[in-house]
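Have a look at the structure below before the remarks.
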There are 2 protein chains.
Amino acid sequence: MTIKDVAKHCGVSVSTVSRVLNGRPDVRQDVRDRVLRAVEELGYMPNSSARDLVSRQSDAIGVVVRGTGNLFFSAILKTVAAEIDRRGYTMVMRFIDPLDDEIRAGAMLEREKKLRGLLFLGGRFDYSPAQLSPVRVPYVLVSYTNVFGTLDEQSYSSVSIDDYRTAYRAVETLIRRGHRRIAAVVSSSCDRSVSELRTRGYCQALADNGIAFDPALLEETGGDFSMPGTYEGVRRVLSRAQDFTAVFTLSDTTGIAALKALEDAGKRVPQDVSVIAIDGIEVSAYVSPVLTTMVQPAEEMGRESVRILADMLEKRAGAQHLRLEAGLREGGSVKSL
Amino acid sequence: MTIKDVAKHCGVSVSTVSRVLNGRPDVRQDVRDRVLRAVEELGYMPNSSARDLVSRQSDAIGVVVRGTGNLFFSAILKTVAAEIDRRGYTMVMRFIDPLDDEIRAGAMLEREKKLRGLLFLGGRFDYSPAQLSPVRVPYVLVSYTNVFGTLDEQSYSSVSIDDYRTAYRAVETLIRRGHRRIAAVVSSSCDRSVSELRTRGYCQALADNGIAFDPALLEETGGDFSMPGTYEGVRRVLSRAQDFTAVFTLSDTTGIAALKALEDAGKRVPQDVSVIAIDGIEVSAYVSPVLTTMVQPAEEMGRESVRILADMLEKRAGAQHLRLEAGLREGGSVKSL
DNA sequence: ATTTGACGACCTCCGCCGGAC
DNA sequence: TGTCCGGCGGAGGTCGTCAAA
């Protein structure tokens, strides 16, 4: 089933079929309809190798997902996949460990699969231009930015929420409701990444409201956003301090782990301790109490990431940095004191 | 930089360069060396699109995921992705709606991307050979089988648990602990798919233990394994009957939705009503109470699916049907009466 | 007998030219 | 003169075939 068969089937030339398929204007409407009907009937699919061959580039977009257990990435991913398909590109995915180097993985993927562009779902925030030099195709940082790094803003794109401000707002929400002893369970306060940025938001919200930072209330789990790590982290905070009235965590899944740890330790949520998180995935609306959380617009994030990359690939626009707004979802895990 | 440049650079024909590059024997040693040196000097890389064009096959394995919100599939997917990479293949994914036709999607993907093989994550159980005829490459049904269909067992592979028996064991677990009024919230009892099979397991477990089937206790939500659908389903069962002591659901996420619906209706789990499910994803171990569930071996399922497909592609073995065992994870959502 | 060259086919897109109305 | 369509050749790498050295 080639373009020749289609041409033969409806009695036109190969050139005409090609013109129709590529939406060019110089074909009469009735001929156009006849060709499209033949394509439908025969189930013709253009040979993508031949198409790539003439266009001298592939249609592959690489997606490097760092942190396989991250349910928020799963939510983004399905929109990204649909949007990549819709625009006629091919998605090539690679899952890597949260501790692995996503730039290396991306650069390898680029060479192996001759990528047109790359999306990075999760990664470090502190790259220098030299570190990114192995990546030679346009790329978009999805759900994070390069605030700690020295990349030229014109050289890459990003789509994310303002992590600092979102964490700030989450903690501020707790403070407005009367909380002053607020614990935070993070993966690290100095990893030059999302965890550090959100920890800073936490600290600044405390400072702006005249609350002294207490190191005993900051727990660093060390790893990624793991549920067992956070569960143990909450237990350690409890062993150091019993007087905190709220816990801030980095993600919904770790928020759910925190709920569990508190409950297992005999603390009721929200009567004894409140919990707030960031993400807004579906399952956190079905735990008890419903997790109060800052919702990231996952679908918009996925859709816009692909749009921006496509704009760059098709030269409609240069680098863009899209900062999306997170919104508070009121659950039942925060109590007003 | 094409093969022509290489040929010109060392004074041989294009055919000869091609012969050298493809390791064919009929080239003199000194000519071979001259060509290889030229390739090295010029940094020549064959154009993979042109190569694909003639070989008419790529190294791509298609993965059609039916049901984007299914967290169990997310768990399988990361193992599948890693295993496909490890074996040197390329993964091409497509997410489709639970109501869409995965065979059509797979066949389109096969032609678009020139797939070597296909993995189907989720789908119908009742295909006929004619329906599968558009799929011309080897494929593996992952997490389901063709029990309701008429496919030749030699023509395809599958990796799954025994859905009927696993549901049977889940319900039997409830019965052994004294439950006799057991509700089931399923998506459909006659969809010729996983839901029907598990519903049959539920019915048979009741029958084998002398418990009459009560239609009022069987709720069909109609759609897929959605959380809001299940939440509403549980509410409808509650409006019909108040005397059941346990609920069986098809998946962990719907189990979590059931926990929520019961709690919101003033029922305590497990004191008033027990809940049991099938899947064993991470988050269900962190809800309260911990969900009691039949754990599917997600990693093994993903790994073995790719292994079986690779065996078929590389002619090491024919079709295989692997039935894995699910194990009971004791949580806190089932009470002994 | 062994090695090498030349060529067409595979498939699509695109630019260009020419013919038809 | 303008619109529509056909046809040709080139781009790219592989591979079989045939001819030539």
C/dT12 OP1/OP2 closer than 4.0 Å to side-chain N/O of A/Asn47: no

In Å, rounded to the nearest 0.5 Å, how long is the span from CG of A/Asp33 to SG of A/Cys10? 11.0 Å

I'd like a list of close polar pairs between nucleotides 3-8 of chain C and the protein, N/O only, cut-off under 3.5 Å.
from	atom 1	to	atom 2	distance (Å)
C/dT4	OP1	B/Arg28	NE	3.2
C/dT4	OP1	B/Arg28	NH2	3.1
C/dT4	OP2	B/Arg28	N	2.6
C/dG5	OP1	B/Ser13	N	3.4
C/dG5	OP2	B/Ser13	N	3.1
C/dG5	OP2	B/Ser13	OG	2.9
C/dG5	OP2	B/Thr16	OG1	2.2
C/dG5	N7	B/Arg19	NH2	2.9
C/dA6	N7	B/Ser15	OG	3.3
C/dC7	N4	B/Ser15	OG	3.4

Is B/Glu304 paired with B/Arg307 through a side-chain N to carboxylate O contact shorter than 4.0 Å? yes

Closer than 3.5 angstrom, by distance alone: can the side chain of A/Arg323 be matched with the main-chain N or O of A/Ile161 as a donor-acceptor pair? no

Angle between terminal axes - the helix from C/dT2-D/dA21 to C/dC21-D/dG2, 5 pairs each end, rounded to 10°: 60°

Looking only at heavy atoms, which two atoms of B/Pro129 and B/Thr150 are closest? And how far apart? CD-OG1, 3.1 Å

Quick check on D/dT14: is either OP1 or OP2 less than 4.0 Å from any side-chain nitrogen or oxygen of B/Ser18? yes

Figure out the CG/C1' separation between B/Asn22 and D/dT14, and round it to whole Å. 7 Å

Just N and O in the side chain of A/Tyr44: are any of them under 4.0 Å from OP1 or OP2 of C/dC11? no

How are the rings of A/Tyr156 and A/His321 set relative to one another: parallel (under 30°), tilted (30 to 60°) or perpendicular (over 60°)? perpendicular

When you look at A/Leu77 and A/Val63, which way does the side chain to side chain contact (heavy atoms under 4.5 Å, CB included) test go after all the steps? CA-CA 9 Å; A/Leu77 213 47; A/Val63 181; 4.0 Å; yes

Carboxylate-amine/guanidinium proximity below 4.0 Å for B/Glu83 and B/Arg86: yes

Parallel, tilted or perpendicular: which describes the rings of B/Phe120 and B/Tyr139, with under 30° parallel and over 60° perpendicular? perpendicular

Between P of C/dT2 and CZ of B/Arg24, the distance in whole Å: 16 Å

Tell me: NZ of B/Lys4 to C1' of D/dA11, nearest whole Å? 7 Å

